[in-house]
Every structure is written in C-alpha cells, then in structure tokens.
Participant: 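Could you have a look at this structure, given as structure tokens, before my questions?
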Amino acid sequence: MIAFVSGPVAALAPDSAVVEVGGIGIAVQCSPGTLSGLRTGQHAKLATSLVVREDSLTLYGFADDDERQVFELLQTASGVGPRLAQAMLAVHTPDALRRAVAGGDEKALIAVPGIGKKGAQKLLLDLKGRLGEPVGPGGPAVGAPVAAGWREQLHAALIGLGYATREADEAVSAVAPQAEAAEGTPQIGLLLRAALQTLNRAR
C-alpha cells in the first residue's frame, strides 16, 4: 500500500493533483478542501489510500492521516464507494462526520451530493460506532482557508463534484454575500457546504 506521496506539485485539476515523486508524476484524487491547500511548484505531502478495481488503480490523497482513516472507514458502510466517501469529506471535516453520525444528524448527510433521506438513515445505522469520537473542538465543518480567488476555487470544486457549469455559477453567486461578509479570509469548506445546500434546494 502507498501510505503517502511527497514531492513538488506538478499540476492541479478540479478533482486531482499530480505530485512528482522520484521523477514520476503520481496522479492523486483529492477533495476540494485538500486541493485548496496545494500550489503548483510547491512541496506537498499527502496521506494516500489506494483503491484497486478490476480495470483501474486509483490513488486518493488527503491532507492528513485522520482524513484518510475516515475515508476508509466510510467505505465499510453498505453502498459507500470511494467517490461517495470523498464527496462526504468534501462537504464535512472528519470530526463533523463523527458528530453527525454520533448525533443522528440526517440533514448533515443529505447535504452531500448523492445521499437522500433514506440513504442518510441507512448510513447513520451502518456507521454508528465505526468512526470514533470527535478529536477536535466542536463547531461546524469549515475546512481549509481559501486564498484570493475564492470564486474560482469554489467553482472548480463544484465542477469536480459533478455539477454543471450553470449550476456552479448559480451556487457561487448564491454564497457570494456570505463570503464577502466573512471576517478575514473566507473558508472553502464552509462556502462549499452552503453552495451544496443551495443546489439541493434548487433540485
């Protein structure tokens, strides 16, 4: 198993990064929150999880070991594959997911694209007791801080999650007042969560 990759970031895409390791470019699928902390040309170290399928080998990357562990634990629930697990971590931090499962918070899971009310209820049952206790202080999932150009980063994150360009445009416009009213630097996780809730209401 590849536990981590470390090296300069060679390229960034809405849902992945290429990290140069020993002269080889390793493609790593990442959540928007993880990608927001990477910069082309700068050194990065990502915890990784290798998903093996009959027709593919996919490496998923995470900001830390805790996020990777939760990604793998989420997939022990029935019906949760790596894509859905990554979508869950795109919307919520590991601790936010632990709190949601521990508190039976259906709404938190329904905020994730691809999870409906019945799916959320089933996941709460399947995951109960599997994710462990929150390791950090309480509060909403806010993810990594966003640098200048939050609109572009948020738009790219939504496209990476499978939304159409028009939907992403509308969601970015909908959360713009929240981002501009934030004290200091707006945070990608909080904006992404609000954008996804807007899109879910619109469907």
Participant: Between Gln178 and Leu191, is any pair of side-chain heavy atoms under 4.5 Å apart?
Facilitator: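 A side-chain contact exists here, since the closest heavy-atom pair is under 4.5 Å.
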Participant: Can Leu50 be reached from Val28 by stepping across I, L, V, M, F, W or Y side chains whose heavy atoms are under 4.5 Å apart?
Facilitator: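 Result: yes, single cluster for both.
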Participant: Are Val18 and Leu57 linked, directly or through intermediate hydrophobic residues, by side-chain heavy-atom contacts shorter than 4.5 Å (ILVMFWY only)?
Facilitator: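 Different clusters.
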Participant: Can you tell me if Thr34 and Glu67 form a side-chain donor-acceptor pair at under 3.5 Å?
Facilitator: yes
Participant: How close do Asp66 and Pro94 get, counting heavy atoms only, and between which atoms?
Facilitator: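 Reported closest heavy-atom pair: OD2-CB, 3.5 Å.
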Participant: Is any side-chain N of the basic residue among Asp95 and Arg98 closer than 4.0 Å to the acidic one's carboxylate O?
Facilitator: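 Counted as a salt bridge, because a side-chain N and a carboxylate O are separated by less than 4.0 Å.
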Participant: Hey, could you give me the CG/CD distance between Leu131 and Gln69, rounded to the nearest 0.5 Å?
Facilitator: 9.0 Å
Participant: Decide whether Leu199 and Leu109 are clustered together by the hydrophobic rule: side chain heavy atoms of Ile, Leu, Val, Met, Phe, Trp, Tyr closer than 4.5 Å, transitively.
Facilitator: yes
Participant: Distance from Leu196 atom CG to His92 atom NE2, nearest 0.5 Å?
Facilitator: 8.5 Å
Participant: When you measure from the side chain of Glu167 to the backbone of Ala164, do you find a donor-acceptor pair of N or O atoms at a distance under 3.5 Å?
Facilitator: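 Yes: the side chain of Glu167 pairs with the backbone of Ala164.
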Participant: Just verifying a value: how many Å separate Glu170 CD and Thr165 OG1, rounded to the nearest 0.5 Å?
Facilitator: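 With rounding to 0.5 Å, CD (Glu170) is 11.0 Å from OG1 (Thr165).
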Participant: When rounded to the nearest 0.5 angstrom, what distance separates CG in Leu84 from CD in Gln75?
Facilitator: 9.0 Å
Participant: Kindly give the heavy-atom pair with the smallest separation between Ser31 and Ala90, and that separation in Å.
Facilitator: CB-CA, 4.2 Å
Participant: Quick check against the 3.5 Å criterion: does Thr198 have a side-chain atom that pairs as donor or acceptor with the backbone of Ala194?
Facilitator: yes
Participant: Donor-acceptor check, side chain of Arg130 to backbone of Leu74, threshold 3.5 angstrom: yes or no?
Facilitator: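 Side chain of Arg130 to backbone of Leu74, a donor-acceptor pair under 3.5 Å: no, none is there.
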Participant: Using side chain to side chain contact (heavy atoms under 4.5 Å, CB included), reason through Val9 and Arg39 one step at a time and then give a plain yes or no.
Facilitator: CA-CA 7 Å; Val9 178; Arg39 297 291 180 270; over 6 Å; no
Participant: Identify the two heavy atoms, one from Ala47 and one from Phe4, that lie closest to each other, and give their separation to 0.1 Å.
Facilitator: CA-CB, 4.1 Å
Participant: Taking C-beta and beyond as the side chain, do Tyr60 and Cys30 meet within less than 4.5 Å on heavy atoms?
Facilitator: no
Participant: Is any side-chain heavy atom of Leu124 less than 4.5 Å from a side-chain heavy atom of Glu106?
Facilitator: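 Yes - at least one pair of side-chain heavy atoms lies under 4.5 Å apart.
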Participant: Restricting to non-hydrogen atoms, name the atom on Pro113 and the atom on Val91 that form the minimum distance, rounded to 0.1 Å.
Facilitator: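 For Pro113 versus Val91, the nearest heavy atoms are CD-CG2, 4.1 Å.
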Participant: Could you tell me whether Asp64 and Arg68 make a salt bridge, using a distance below 4.0 angstrom between a side-chain N and a carboxylate O?
Facilitator: no
Participant: Begin with the C-alpha distance, continue with both residues' side-chain angles, and end with the deciding distance and a verdict on side-chain hydrogen bond (donor to acceptor under 3.5 Å, both in side chains) for Ser49 and Glu72.
Facilitator: CA-CA 8 Å; Ser49 179; Glu72 293 173 346; 2.9 Å; yes
Participant: Identify the heavy atoms of Arg53 and Val51 that sit nearest to each other, and give their distance.
Facilitator: NH1-CG1, 3.4 Å
Participant: Is it true that a side-chain atom of His43 and a backbone atom of Ser6 form a donor plus acceptor pair closer than 3.5 Å?
Facilitator: no
Participant: First locate atom CD of Glu133, then atom CZ of Arg99, and finally report the distance between them rounded to the nearest 0.5 Å.
Facilitator: 11.0 Å
Participant: Given side chain to side chain contact (heavy atoms under 4.5 Å, CB included), test Val80 with Leu123 step by step and report yes or no.
Facilitator: CA-CA 9 Å; Val80 178; Leu123 282 172; 3.3 Å; yes
Participant: Test your reading of the model: is there a side-chain donor-acceptor pair from Thr76 to the backbone of Leu73, 3.5 Å cut-off?
Facilitator: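 Yes, Thr76 side chain to Leu73 backbone: donor-acceptor pair under 3.5 Å.
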Participant: Mind checking the CD1-CD spacing from Ile110 to Gln197? Nearest 0.5 Å is all I need.
Facilitator: 11.0 Å
Participant: Between Thr48 and Ile2 (side chain of the first, backbone of the second, donor and acceptor by atom type, cut-off under 3.5 Å), is there such a pair?
Facilitator: yes
Participant: How far apart are the closest heavy atoms of Ala120 and Ile115, and which atoms are they?
Facilitator: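 Heavy atoms only, the tightest pair is N-CG2, 3.6 Å.
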Participant: Leu59 versus Val5: any side-chain heavy-atom pair under 4.5 Å?
Facilitator: yes
Participant: Is it the case that the side chain of Gln42 and the backbone of Leu38 share a donor-acceptor pair, with hydrogens and angles ignored and the cut-off at 3.5 Å?
Facilitator: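 Absent.
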Participant: Is there a side-chain contact between Phe62 and Leu46 (heavy atoms, below 4.5 Å)?
Facilitator: no
Participant: Any side-chain heavy atom of Val70 within less than 4.5 Å of one from Leu97?
Facilitator: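 Val70 reaches Leu97 side chain to side chain.
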